[in-house]
2 protein chains.
Amino acid sequence: MSLAVHESEYTNTEFTPRQQAVLECALGLLVAGGEKALTTAGLARNANCSKESLYKWFGDRDGLLAAVVAYQASKVHFPPEGGATADTETFRQHLNAFATELLAVLFGETSVALNRLSIGQSNKDDNRLGQLLLQRGKYMISAKARSLLEAGRHRGYLKFDDAEEAYQVLYGLAVRDVHIRLLLGDKARPEEHDLESQAELAVQRFYKLFGT
Amino acid sequence: MSLAVHESEYTNTEFTPRQQAVLECALGLLVAGGEKALTTAGLARNANCSKESLYKWFGDRDGLLAAVVAYQASKVHFPPEGGATADTETFRQHLNAFATELLAVLFGETSVALNRLSIGQSNKDDNRLGQLLLQRGKYMISAKARSLLEAGRHRGYLKFDDAEEAYQVLYGLAVRDVHIRLLLGDKARPEEHDLESQAELAVQRFYKLFGT
DNA sequence: ATCGAACCGTACGGTACGGTACAAATTCGG
DNA sequence: CCGAATTTGTACCGTACCGTACGGTTCGAT
């Protein structure tokens, strides 16, 4: 599956297994109680590690937060293109699958928690977290989407000038204002829980705009 | 102008002029340095008031934050419908104007700062700020948009089943992922600064989906 | 068995900030 | 002009948390 979350199927080169376990615990604290719930003492207590180790591994609290974001981003993989996208129908199914996975990632509680964290820290001097999330989150997805759309254009299924612009339209059609509402603490409406239908409707409208 | 910001043309019944001045100062601190820059001592110093007055007026720090959000929301008015929207062309111009103003509000630094604040506080128990921003911000705009779209449908310019759904599509076409990128600290691309063109393009695509 | 490295748990200093208390100053109605 | 109420400026308290230090423990290597 594209965009799927792998549970460390093999060792992540960036962090040791022990560190990954601690970061996983930090993610849990973040999802449960937000940024202020992620204190160095609290994490040490919950993860059964010492504060000294935290500071040895991550430098300071900001480094810890950056490590959490980087760790989660490292779990989202983009396996190479699904191979033979021969006919029109399977290509459209690929678009549907992409849109569905996009919604699944964006609306997941982990993504919501990390977005809240990064947005809350976006007033810092350098704003490492926001840049990190944009770089290793949105830009990756955008690249994946562009290559998919370019393939569709090359085969004559789609028609557009700028792939980035086309992707942004697809994003807007699929996400609408649901993401910001979730970030603000609103509950998703019932029909918005059916990601498949939402994605299919978005792709349908996308074809009405960019289909041949 | 719809959605225009009025500078307290006449006394806001909710806050005294002195309190409004202090809240204005708080807004400035928020826009400049984010939530952590808005301390009670700092606000008292900058606004030339005492902490005791702050607590007397707003109860506690959370009350102060809520007051800031409520105050800013009270400045955004939705004057009654522009009156005679007779022909097709003027109606479409109204849609363009609405979309432009929507982008102008959402991408303004004040809105960005308040959204960041509310999102950062959305893990609290009751989440007053997020509810407040949703209630007095997004829902108001949504209502305005729905009435506008309903009028278009009634006159035969548009065709859709659910006005709320149609509005969300218009929102997605206009905003795309720019809002979340701004919240994360990304800079808007050059072409995204031309709100008029962006809005016009969005309305053009909206007509392709819902026009008659 | 011994050494050394990494790690755990805890305790502690320093600091920032929310909230309160109080005397001096200012405003304002009568 | 006067007195009451409000506001200001400052000092202060308690708390929460970051960052560090240190004693004790586990565990693999030699």
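Sequence lines set the chain letters: A, B, ... in the order given, protein chains first and strands last, and positions in each chain run from 1.
The phosphate of dT7(D) has OP1 or OP2 within less than 4.0 Å of a side-chain N or O from Trp57(B). Remark: Arg18(A) is in phosphate contact with dC8(C), judged by side-chain N or O atoms under 4.0 Å from OP1 or OP2.
Within 4.0 Å of Ser53(B), counting heavy atoms only, lies at least one base atom of the nucleic acid. Heavy atoms of Arg45(A) sit nowhere under 4.0 angstrom from any nucleic acid atom.
Remark: Phe210(B) engages Phe206(B) in a ring pair (Phe, Tyr, Trp, His ring centres under 6.0 Å) (not counting sequence neighbours). A search for ring pair (Phe, Tyr, Trp, His ring centres under 6.0 Å) contacts involving Tyr171(B) returns nothing, not counting sequence neighbours. Looking at residues two or more places apart in sequence or on another chain, you find no salt bridge (Lys or Arg N to Asp or Glu O under 4.0 Å) involving Glu196(A). The salt bridge (Lys or Arg N to Asp or Glu O under 4.0 Å) search around Glu191(A) returns none, not counting sequence neighbours.
The side-chain hydrogen bond (donor to acceptor under 3.5 Å, both in side chains) analysis of residues 38-51 of chain A, with sequence neighbours excluded, yields the pairs Ser50(A)-Ser53(A). Contacts classified as salt bridge (Lys or Arg N to Asp or Glu O under 4.0 Å) and involving residues 197-206 of chain A (residues at least two apart or in different chains) are given here: Arg205(A)-Glu165(B). Sorted by first and then second residue, the salt bridge (Lys or Arg N to Asp or Glu O under 4.0 Å) pairs with a member in residues 58-73 of chain B read Glu35(B)-Arg61(B), Asp62(B)-Lys124(B); sequence neighbours excluded.
Summarising the geometry, the separation between CG on Leu54(B) and C1' on dT6(D) is reported as 14 Å, rounded to the nearest angstrom. For Gln19(B) and dT8(D), the CD to P distance is 11 Å, given to the nearest whole Å. For Glu35(A) and dA16(D), the CD to P distance is 17 Å, given to the nearest whole Å. Following rounding to the nearest Å, Lys36(B) (NZ) and dC17(D) (P) show an atom-to-atom distance of 17 Å. Atom CZ in Phe58(A) sits about 14 Å away from atom C1' in dC7(C), given to the nearest Å.
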>> side chain to side chain contact (heavy atoms under 4.5 Å, CB included) for Phe98(A) and Tyr167(A)? Distances and angles first, verdict last.
In response: CA-CA 11 Å; Phe98(A) 170 80; Tyr167(A) 158 65; 4.2 Å; yes
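Atom CG of Asp161(A) has 12 or fewer neighbouring heavy atoms from other residues, nucleotides or ligands inside a 6.0 Å radius.
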What nitrogen or oxygen pairs link the protein and nucleotides 24-29 of chain C at under 3.5 Å?
none

Where do N or O atoms of nucleotides 18-20 of chain D meet protein N or O atoms at under 3.5 Å, pair by pair?
from, atom 1, to, atom 2, distance (Å)
dC18(D), OP1, Arg61(A), NE, 2.8
dC18(D), OP2, Thr40(A), N, 3.1
dC18(D), OP2, Thr40(A), OG1, 2.9
dG19(D), OP2, Tyr55(A), OH, 3.2
dG19(D), OP2, Arg61(A), N, 2.9
dG19(D), N7, Lys51(A), NZ, 2.7
dG19(D), O6, Lys51(A), NZ, 2.6

